[in-house]
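Note that these values count all heavy atoms, side chains included, but never hydrogens, waters or copies made by symmetry. All ligand and atom numbering here is 1-based and tracks the order in the structure. In this text, all values refer to a predicted model and were calculated from it rather than measured experimentally.
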Amino acid sequence: MHNQDQPLIFEQGRPGRVGFSLPDLDVPEMDLSQLLPEGYIREEEPELPEVSELDIMRHYTALSKRNHGLDSGFYPLGSCTMKYNPKINENVARFNGFAHIHPLQDESSVQGAMELLYDLQQHLIEITGMDEVTLQPAAGAHGEWTGLMLIRAYHEANGDFNRTKVIVPDSAHGTNPASASVAGLDTVTVKSNEHGLVDLEDLKRVVGEDTAALMLTNPNTLGLFEENILEMAEIVHGAGGKLYYDGANLNAVLSKARPGDMGFDVVHLNLHKTFTGPHGGGGPGSGPVGVKADLIPFLPKPVITKRGEEYVFDYDRPQSIGRVKPYYGNFGINVRAYTYIRSMGPDGLKAVTEYAVLNANYMMRRLAPYYDLPFDRHCKHEFVLSGRRQKKLGVRTLDIAKRLLDFGYHPPTIYFPLNVEECIMIEPTETESKETLDSFVDTMIQIAKEAEENPEIVQEAPHTTVVGRLDETTAARKPILRYQKN
Ligand SMILES: *Cc1c(COP(=O)(O)O)cnc(C)c1O
């Protein structure tokens, strides 16, 4: 364990200590007032710590150890697919021809980068079963919004201005209704049945002439494969609506099932989840959107296409919804995803899904005697438990999550999806060993026993972390983002 009381760099400085050296100035010194407007010029020197290079190295290394990352331990954060990010991705993203090009360079000088993007599009078309893909959106939610704007543009082009409702299951990720709202559409909720799947009768009730689309996550956020997709497609298409596939959970169906074959018109993927872009802490991500042929004219422009042997940005798209992101999208994440797809190959991607699903089912079965299992059936890549039984003993799911920190684990997603009381959502991913899965399960079993025998130890957790329980609401509403000297 590192020293938690190690002073931050601000207290370590000593006047005159330096961590850099610069050559002597060999040009005339400029008068600041010629460079900056008056209000921007400091009257006094800033109070900065004066430290050596070694001090600053240790400062940042110490800070990095205060965090929990995927490379430091198990991270079963349901719905987030925190799988290992192969380091070869980083090597490739750092190639000069990728890392050092300028986004405004002429097409003729970045043909290699454009070829990679074009090829990535082709792979994603194959993986999803769609007809065309755009790589512009910067994340999953951005992809959702883009996809809904495409659907809206499609309906409007048909003179169908009253299709303003997006049907979203009650188990959906919170970004779904939010994206609908930002796209100027209204959300209608469809209920889940007792099996955790979309209730077809309720779907028939809410679908109608005002339906723009049904937005479905599959496998859904309970980790269950929606069994009645073909019926749902018939119901929604029959009413003139479109089908949107939230593909953030694609890790569970890669090389096994394709949204395009199930009747979906639009799908977004989370390359930073399924295709190993590093994520957490807010990005960058990549949320490509795939569409069927009748939506292609509306795709964001420019579209990367191939003319003969040459790759070009096609701006001649009169019905396009326009650009949704400058330049190439988050190019570096696209390079990483491409590297991953090429290094895994089709058989590798199939194995990903098989192990992700096997790992989740293995953990679910081992934990089932100790925690309530609201939907007792095979899961896909993730599963949900309920902490109802522990709650009756005075131990809440939040306490269980905090107690896991004492054992060096990132907690699972909790209190989501909203339709399960005291929800605990676990996604192990395919990259963890059986030993890691077993130790986590053993820890969860120990916590379940503590809840019965010694609830205080769970209620008061965490005991070993740099900071104790935080006031998360105040931290989010009134964050203190600057160092404050005591
Ligand atoms: C992560 C996720 C999203 C949102 O993706 P971001 O990249 O975080 O914007 C949407 N839907 C589901 C099911 C997800 O798991």
Side-chain angles (χ1 to χ4, degrees), residues 70 75-83 85 124 128 134-149 166-183 187 189 192 196-198 213-226 229 243-254 259 264 266-290 324-325 329-330 332-334 336-337 356 360 379-384 410 412-420 423 425-429:
L70 190 63
Y75 207 137
L77 191 65
S79 207
C80 293
T81 314
M82 305 303 287
K83 59 158 104 173
N85 314 136
L124 298 179
T128 56
T134 171
L135 299 173
Q136 277 191 27
H142 195 198
E144 291 168 27
W145 173 81
T146 304
L148 290 171
M149 291 299 284
V166 180
I167 302 172
V168 179
D170 57 6
S171 65
H173 200 265
T175 50
N176 290 188
S179 301
S181 169
V182 180
T187 302
T189 306
S192 306
L197 304 176
V198 169
L214 165 70
M215 213 173 175
L216 197 74
T217 305
N218 185 58
N220 66 23
T221 51
L222 299 166
L224 304 176
F225 196 96
E226 289 285 351
I229 286 179
L243 268 95
Y244 184 104
Y245 191 101
D246 178 334
N249 292 343
L250 207 76
N251 217 44
V253 296
L254 270 179
F264 285 89
V266 183
V267 54
H268 88 260
L269 305 178
N270 282 39
L271 298 192
H272 45 294
K273 292 179 180 170
T274 317
F275 299 98
T276 64
H279 61 296
S286 180
V289 171
V324 300
K325 175 99 174 67
N330 277 333
I333 295 297
N334 292 333
R336 288 168 175 86
C379 65
K380 290 290 165 208
H381 63 305
E382 65 194 2
F383 61 99
V384 298
H410 194 290
T413 297
I414 54 172
Y415 299 106
F416 176 81
L418 305 174
N419 54 347
V420 171
C423 189
M425 184 195 206
I426 299 176
E427 180 181 8
T429 81

query = Going through the distances and angles, do Thr189 and Asp170 end up as a side-chain hydrogen bond (donor to acceptor under 3.5 Å, both in side chains)?
reply = CA-CA 6 Å; Thr189 306; Asp170 57 6; over 6 Å; no

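- The protein atom (non-hydrogen) at minimum distance from atom 11 (N) of ligand 1 is Asp246 OD2, 2.6 Å.
- For the side-chain contact (heavy atoms from CB on, under 4.5 Å) with Pro219, the qualifying choice from Leu250, Leu224, Val253 is Val253, the only one to do so.
- Lys273 NZ, 2.4 Å is the protein heavy atom nearest to atom 2 (C) of ligand 1.
- The protein atom (non-hydrogen) at minimum distance from atom 9 (O) of ligand 1 is Ala141 N, 2.8 Å.
- Looking at Asn270 against ligand 1, only its side chain comes within 4.0 Å, counting heavy atoms.
- Here is the list of ligand 1 atoms found below 4.0 Å of a heavy atom in Gly140: 5 (O), 6 (P), 7 (O), 9 (O).
- For ligand 1, the polar-atom distance check finds no N/O of Thr221 at less than 3.5 Å from any of the ligand's N/O atoms.
- One finds the CG atom of Asn176 at 4.5 Å from the OG1 atom of Thr217 (value rounded to the nearest 0.5 Å).
- With a 4.0 Å cut-off on non-hydrogen atoms, His272 touches ligand 1 through its side chain and not its backbone.
- Here the NE2 atom belonging to His142 is positioned 8.0 Å from the NZ atom belonging to Lys325, to the nearest 0.5 angstrom.
- When each atom of ligand 1 is checked for a heavy atom of Glu144 under 4.0 Å away, the hits are 10 (C), 11 (N).
- The distance from ligand 1 to the heavy atoms of Thr217 drops below 4.0 Å at these ligand atoms: 13 (C).
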ask   = Could you walk me through whether Asn249 and Lys380 pass the side-chain hydrogen bond (donor to acceptor under 3.5 Å, both in side chains) check?
value = CA-CA 9 Å; Asn249 292 343; Lys380 290 290 165 208; over 6 Å; no

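- In this structure, OG1 in Thr429 is found 9.5 Å from CE in Met82, a value given to the nearest 0.5 Å.
- Distances below 4.0 Å separate heavy atoms of Ala248 from the following atoms of ligand 1: 2 (C), 11 (N), 12 (C), 13 (C), 14 (C), 15 (O).
- Atom CG of Leu271 is separated from atom CG of Asn330 by 10.0 Å, given to the nearest 0.5 angstrom.
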